[in-house]
Amino acid sequence: MSTGSGSESKPDSDLNSNPNSNGWNRARGVVLKSLVLIGGALLLKRFTKSTTRWDHARNVAQSLAGEKYSREQASRDPDNYFNLRWLSCPAAEMVDGSKVLYFEQAFWRTPHKPFRQRFYMVKPCPKEMKCDVELSTYAIRDAEEYKNFCDRPKDQRPQPEEVLGDIAEHLTTMYMKRCDRGKRCLYEGSTPPDGFPNTWSGAAYCTSELAVLKNNEIHTWDRGYDEEGNQVWGAKGGPYEFKPAPTSSFSSNNTLSPLGFPSPSLDKRIEGSFVLQE
């Protein structure tokens with residue numbers, strides 16, 4: 001009888017301990033699974049965080065800034081494209097966060113004599129529009145005062161409050177969108193099809209297109225049209241292609257371009273190529 005009694009008490013002991021052990025294991029498993037799920041959700045949120053409207057504007061502004069040249073394109077097609085220097089840098093910021101950049105273009109041999117000077121204003125597109133970035137160009141009230149703005153020490157430039165006061169006539173606005181996956185560009189956009197008023201060289205209006213590529217390369221295409229829709233200025237074969245400046249600099253006294261091809265004469269008529277002034 002004692003043996004039977006003892007054999008019955010052992011299962012009672014197991015019944016008392018196993019539920020607690022199993023319950024703890026189950027609870028620990030639930031906690032670990034919860035931690036894994038929470039961690040995974042946080043990680044997924046971090047990697048799938050959507051780019052904000054201001055992120056897009058900041059990306060475009062950063063890509064526009066810097067020193068770039070069209071020398072590779074001019075080397076391939078010197079009859080239609082000049083080796084031009086693109087130079088842009090931050091100049092001020094609006095109260096609403098819009099970035100204002102100073103921009104100038106010059107022939108590579110005479111960078112201290114820009115033939116085009118502008119302010120760029122970069123901000124997100126209005127929410128009701130199907131675009132990401134609004135890029136507007138403005139004339140400068142006293143362009144002479146801003147020559148070589150980006151090349152000067154900051155304490156020798158017009159200060160941000162002066163810049164905001166020197167923003168003059170609105171010239172154009174381009175509406176840019178992030179490029180579809182698989183395309184070479186990161187952002188691309190243009191003015192509306194009917195463009196903006198422009199009276200240079202017999203034009204009635206002008207249009208502009210711009211693309212931001214990887215490595216801060218910029219493609220820009222400005223064209224003017226008369227009242228009948230005939231193109232009267234601007235490149236006809238495609239946009240100007242500006243690539244970031246090489247690390248080495250080139251002497252402005254050299255009669256050849258950096259790649260050794262003859263530079264086009266500055267007296268050459270630029271019909272079908274580029275606008276020197278507007």
Side-chain angles (χ1 to χ4, degrees), residues 60 64 68-74 76-88 101-108 110-111 113-122 131 133-144 146-147 166-177 185 187-213 217-243 263-278:
V60 170
L64 293 174
K68 311 173 197 291
Y69 287 87
S70 60
R71 69 185 182 95
E72 290 186 19
Q73 187 178 34
R76 298 193 308 268
D77 189 359
D79 290 333
N80 294 301
Y81 296 92
F82 292 96
N83 182 6
L84 302 177
R85 182 202 198 206
W86 165 302
L87 186 64
S88 182
L101 288 78
Y102 169 75
F103 161 76
E104 68 182 24
Q105 282 184 342
F107 290 100
W108 75 273
T110 54
K113 296 179 179 180
F115 58 77
R116 171 179 281 186
Q117 296 172 262
R118 297 284 185 269
F119 283 133
Y120 277 137
M121 189 178 296
V122 189
C131 58
V133 180
E134 184 177 297
L135 174 60
S136 298
T137 60
Y138 291 83
I140 301 173
R141 199 172 304 280
D142 184 1
E144 188 68 25
Y146 283 82
K147 280 187 175 181
D166 287 333
I167 297 175
E169 177 190 3
H170 171 253
L171 300 174
T172 64
T173 294
M174 287 180 278
Y175 301 98
M176 307 190 67
K177 295 179 66 176
C185 61
Y187 294 88
E188 62 182 352
S190 65
T191 53
D194 54 353
F196 287 85
N198 182 287
T199 57
W200 188 81
S201 192
Y205 66 96
C206 68
T207 62
S208 295
E209 298 178 19
L210 187 141
V212 174
L213 283 69
E217 183 177 343
I218 298 292
H219 289 187
T220 181
W221 199 358
D222 301 321
R223 286 168 287 180
Y225 298 88
D226 63 19
E227 292 181 353
E228 285 73 41
N230 302 308
Q231 185 177 343
V232 295
W233 58 255
K236 294 184 178 179
Y240 259 82
E241 301 172 2
F242 290 95
K243 297 186 178 182
S263 297
S265 167
L266 301 191
D267 296 329
K268 173 185 173 182
R269 182 171 175 79
I270 310 181
E271 181 177 297
S273 180
F274 203 81
V275 184
L276 293 187
Q277 55 185 337
E278 295 170 11

inquiry  = If we ignore hydrogens and angles and just use 3.5 Å, is the side chain of Trp233 paired with the main-chain N or O of Trp200 as donor and acceptor?
reply    = yes
Please verify the inter-ring angle class for Phe107 with Phe82; under 30° counts as parallel, over 60° as perpendicular, anything in between as tilted.
perpendicular
In short, Gln105 meets Phe242 closest at the heavy-atom pair NE2-CZ, 3.4 Å
Heavy atoms, side chains only, cut-off 4.5 Å: are Asp194 and Tyr205 in contact?
-> no
Distance col, row Ile140:CD1 vs Phe103:CZ, nearest 0.5 angstrom, shows 10.0 Å
**Request:** Would you check, one step at a time, whether the test side chain to side chain contact (heavy atoms under 4.5 Å, CB included) holds for Arg223 with Glu209?
**Result:** CA-CA 9 Å; Arg223 286 168 287 180; Glu209 298 178 19; 2.7 Å; yes
Self-check item: Side-chain H-bond candidate by donor/acceptor type, Thr172 with Thr137, under 3.5 Å
Solution: yes
Thr191 side-chain N/O to Ser208 backbone N/O, donor-acceptor pair under 3.5 Å
yes
Heavy atoms of Cys185 and Ala211 approach each other most closely as CB-CB, 4.5 Å
- Tyr146 side chain to Tyr102 main-chain N or O, any donor-acceptor pair under 3.5 Å? no
Item checked: Pairwise side-chain contact, Phe115 with Thr110, heavy-atom cut-off 4.5 Å (strictly under) -> no
### Query
Are Tyr175 and Pro192 close enough that some pair of their side-chain heavy atoms sits under 4.5 Å apart?
yes
Nearest heavy-atom approach of Tyr81 to Pro239 is CE2-O, 3.9 Å
- Message: Applying side chain to side chain contact (heavy atoms under 4.5 Å, CB included) to Lys147 and Gln117, what does each step give before you reach the verdict?
- Response: CA-CA 8 Å; Lys147 280 187 175 181; Gln117 296 172 262; 3.7 Å; yes
Taking every heavy atom of Trp221 against every heavy atom of Gly237, the minimum-distance pair comes out as CZ2-C, 4.4 Å
Between Tyr240 and His219, does a side chain to side chain contact (heavy atoms under 4.5 Å, CB included) hold up when you go through it step by step? CA-CA 5 Å; Tyr240 259 82; His219 289 187; over 6 Å; no
Does the side chain of Met174 reach to within under 4.5 Å of the side chain of Val60, using non-hydrogen atoms?
no
Stepwise side chain to side chain contact (heavy atoms under 4.5 Å, CB included) test for Arg71 and Lys243: CA-CA 8 Å; Arg71 69 185 182 95; Lys243 297 186 178 182; over 6 Å; no
Is the shortest heavy-atom distance from the side chain of Asp222 to the side chain of Thr207 under 4.5 Å? no
Check your understanding: Arg85 versus Glu104: any side-chain heavy-atom pair under 4.5 Å?
Key -> yes
Sub-3.5 Å donor-acceptor pair from the side chain of Glu241 to the main-chain atoms of Gln73, do we have one? no
Closest non-hydrogen atoms of Met176 and Leu135, given as atom of the first, atom of the second and distance, are SD-CD2, 4.0 Å
Between the OG atom in Ser201 and the CG atom in Asp226, the distance rounded to the nearest 0.5 Å is 10.5 Å
In this structure, CD of Glu217 is separated from CH2 of Trp86 (nearest 0.5 Å) by 11.5 Å
The reported gap from OG in Ser136 to CZ in Arg118 (rounded to nearest 0.5 angstrom) is 13.0 Å
In terms of heavy-atom contacts, Leu64 and Leu210 come closest through CD2-CD1, 4.2 Å
